[in-house]
Amino acid sequence: MGDGAGSDRTYARIYAVVKRIPKGRVATYGQVARLAGLRGQARRVGYALSALEDDRGIPWQRVINARGEVSPRSEPGFDLIQRVMLEAEGVRFDPENRVALSRFGWRPRRQRTG
DNA sequence: TTTATGGCTGTCA
DNA sequence: ATGACAGCCATAA
């Protein structure tokens, strides 16, 4: 890696943040970006997660968009899989297929100490 | 190199 | 609540 655009520290940082999202909680792309020190680069988070071929222990399903919805992507039906995974963790969806971020949103109290 | 999307978001009508 | 727009960055043609 090194010169590779995606596979360097930046993605690693994103993954590190996603890894901290507790089970049963969700975070938004923008939130992850900010916690990773990449303010305003929410889209990059989506790319980093999209680049994951395997989970690698990274709970990608816990990252949703700022509306509280599971973002649809290229692969049809994949958003449903994500939803099922979240529901299995206890995250509940509204009739409008939305998650109440006020209730299930992840709120880290502190930055990681090290 | 330029263009066109793409697991996004905040602001403003 | 909805829709248009502009930032931001990656990847594929």
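We use all heavy atoms of the structure for the numbers below, so side chains are in, but hydrogens, waters and symmetry mates are not. A quick note: this is a predicted structure, and the numbers were derived from the prediction, not measured.
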Length of the line joining A:Asn65:CG and B:dT9:C1', which is rounded to integer Å: 10 Å
Carboxylate-amine/guanidinium proximity below 4.0 Å for A:Glu89 and A:Arg25: no
Donor-acceptor under 3.5 Å (A:Gln82 side chain, A:Val63 main chain): yes
A:Tyr11 side chain near C:dT11 phosphate (N/O to OP1/OP2, under 4.0 Å): yes
Atom-pair distance (CD1 on A:Ile14; C1' on C:dA10), nearest Å: 11 Å
Check: A:Trp60 ring centre within less than 6.0 Å of A:Tyr47 ring centre: no
Protein-nucleotide distance (A:Arg73, atom CZ; B:dC8, atom P), rounded to Å: 9 Å
Distance between P atoms of B:dG7 and C:dG7 (Å, rounded): 23 Å
Distance-only donor-acceptor test, A:Tyr47 side-chain atoms vs B:dG6 base atoms, 3.5 Å: yes
Gap between atoms CD and P, on A:Gln41 and B:dG7 respectively (whole Å): 17 Å
A:Arg34 CZ to C:dC8 P, straight-line distance once rounded to whole Å: 16 Å
Integer-rounded Å distance: C:dC9 P and A:Arg13 CZ: 14 Å
Between P of B:dC8 and CZ of A:Arg39, the distance in whole Å: 19 Å
d(CZ, A:Arg44; P, C:dC8) in whole Å: 13 Å
Toward the 5' end of DNA chain C, by each residue's nearest nucleotide, A:Arg43 or A:Arg98: A:Arg98
A:Arg73/A:Glu75 salt bridge by N-O under 4.0 Å criterion: no
Sugar-phosphate, base or nothing in reach of A:Val45, heavy atoms under 4.0 Å: nothing
